[in-house]
Amino acid sequence: RDVSRLSRLTEHLLLLARDEKAFHPTPTDLRRVAGEAVDRARARAPGVAIDFRASAAPTVMGDALLLSHATDNLLENAVRHGRGAPVQVSVAREGDAAVLVVADEGPGVTEATRTRLGESFYRGDAARTGEGSGLGLAIVAHVVALHGGSWRVASAPGEGFRVSVRLTAAPDGAGAEATSSSPGSV
């Protein structure tokens with residue numbers, strides 16, 4: 001267990017240290033990335049209801065591995081800190097943006113905590129503590145910034161936790177690369 005935790009911490013630190021010059025975006029199907037992350041989260045937390053909806057299959061110019069890792073982090077955060085509450089994941093295209101939303105119906109966080117989320121090694125208030133390094137949302141912030149996108153957290157005590165990620169959608173007709181050989185939840 002300790003070895004696994006140290007391995008994950010090392011992986012997180014390496015992702016945060018990743019040089020922008022190593023970032024080579026390709027057309028990536030955000031629905032597939034999210035669907036596969038949902039499949040992995042369901043396998044890790046079979047007792048948590050995770051709903052996945054995709055109203056579109058937006059393609060973004062991105063790094064599928066980084067986007068997958070960021071989505072995994074959002075889901076891990078929702079499952080862990082949502083305390084078993086249902087989780088909703090959605091992907092949609094809104095104008096020229098591809099939008100990924102991960103929300104839980106857990107205890108939520110205070111305004112003071114919400115404003116600090118995304119800082120490396122910051123761990124939130126007592127309502128959302130537990131195992132973790134405090135790097136998950138920092139990686140999400142880093143990955144979203146590398147992609148030229150934005151992210152927003154909406155939460156309040158007793159009202160759940162919702163993260164919205166907005167990325168520029170690739171122009172229509174840009175082909176998306178598969179992120180793996182399995183179809184995921186799409």
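- A continuous path of hydrophobic side-chain contacts links Val48 to Val89 [ILVMFWY only; heavy atoms under 4.5 Å].
- In terms of heavy-atom proximity, Leu30 sits nearest to Ala98 at CD2-CB, 3.8 Å.
- Contact of the Leu137 side chain with the Trp151 side chain is registered, since non-hydrogen atoms from C-beta on lie closer than 4.5 Å.
- Pairing each heavy atom of Ala57 with each of Asp29, the nearest pair is CB-OD1, 4.1 Å.
- Note: the hydrophobic cluster containing Val153 also contains Val143 (ILVMFWY, side chain heavy atoms under 4.5 Å, direct or indirect links).
- In terms of modelled atom types and a separation under 3.5 Å, the side chain of Arg80 and the main chain of Gly82 share no donor-acceptor contact.
- Inter-residue side-chain proximity for Leu100 and Thr71 is flagged as met; some heavy-atom pair is nearer than 4.5 Å.
- For Thr28 (side chain) and Thr26 (main-chain N/O), a donor-acceptor pair under 3.5 Å exists by modelled atom type.
- Closest approach of Ala37 and Asp72 over heavy atoms only: CB-OD1, 3.4 Å.
- Tracing side-chain contacts under 4.5 Å through hydrophobic residues (I, L, V, M, F, W, Y), one never reaches Val101 starting from Val87; they form parts of separate clusters.
- Leu74 and Val79 fall within the same hydrophobic cluster, where Ile, Leu, Val, Met, Phe, Trp and Tyr residues are linked whenever their side-chain heavy atoms come under 4.5 Å apart, directly or through other members.
- No side-chain heavy atom of Phe161 sits less than 4.5 Å from a side-chain heavy atom of Val102.
- One N or O on the side chain of Arg42 and one on the backbone of Ile50 form a donor-acceptor pair closer than 3.5 Å.
- Considering Arg32, Arg40, Glu36 in turn, Arg40 is the only one that fulfils the side chain to side chain donor-acceptor pair (under 3.5 Å) rule with Ser68.
- Within the 4.5 Å cutoff, the side chain of Pro58 has heavy atoms near those of the Val91 side chain.
- Formation of a donor-acceptor pair under 3.5 Å by the His147 side chain with backbone atoms of Asp63 is found in this model.
- Across every non-hydrogen atom of Pro107 and His81, the tightest pair is CD-O, 3.4 Å.
- To the nearest 0.5 Å, atoms OG (Ser90) and CZ (Arg31) are separated by 13.0 Å.
- When side chains are defined from C-beta on, His69 counts as touching Ile139, because their heavy atoms get closer than 4.5 Å.
- Judged by distance alone, with hydrogens and angles left aside, the side-chain atoms of Ser155 form a donor-acceptor pair with the main-chain N or O of Gly160 at under 3.5 Å.
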Fill in: Intermediate values then yes/no, side-chain contact (heavy atoms from CB on, under 4.5 Å), Val144 and Leu146
CA-CA 5 Å; Val144 170; Leu146 278 174; over 6 Å; no
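- Sparse packing is recorded around CG of Asp96, with 12 or fewer heavy atoms of other residues, nucleotides or ligands lying under 6.0 Å away.
- Residues Gln88 and Glu105 form a side-chain contact, since some pair of their non-hydrogen atoms from C-beta on lies under 4.5 Å apart.
- Using a 4.0 Å cut-off between charged side-chain N and carboxylate O, Glu76 and Arg44 make no salt bridge.
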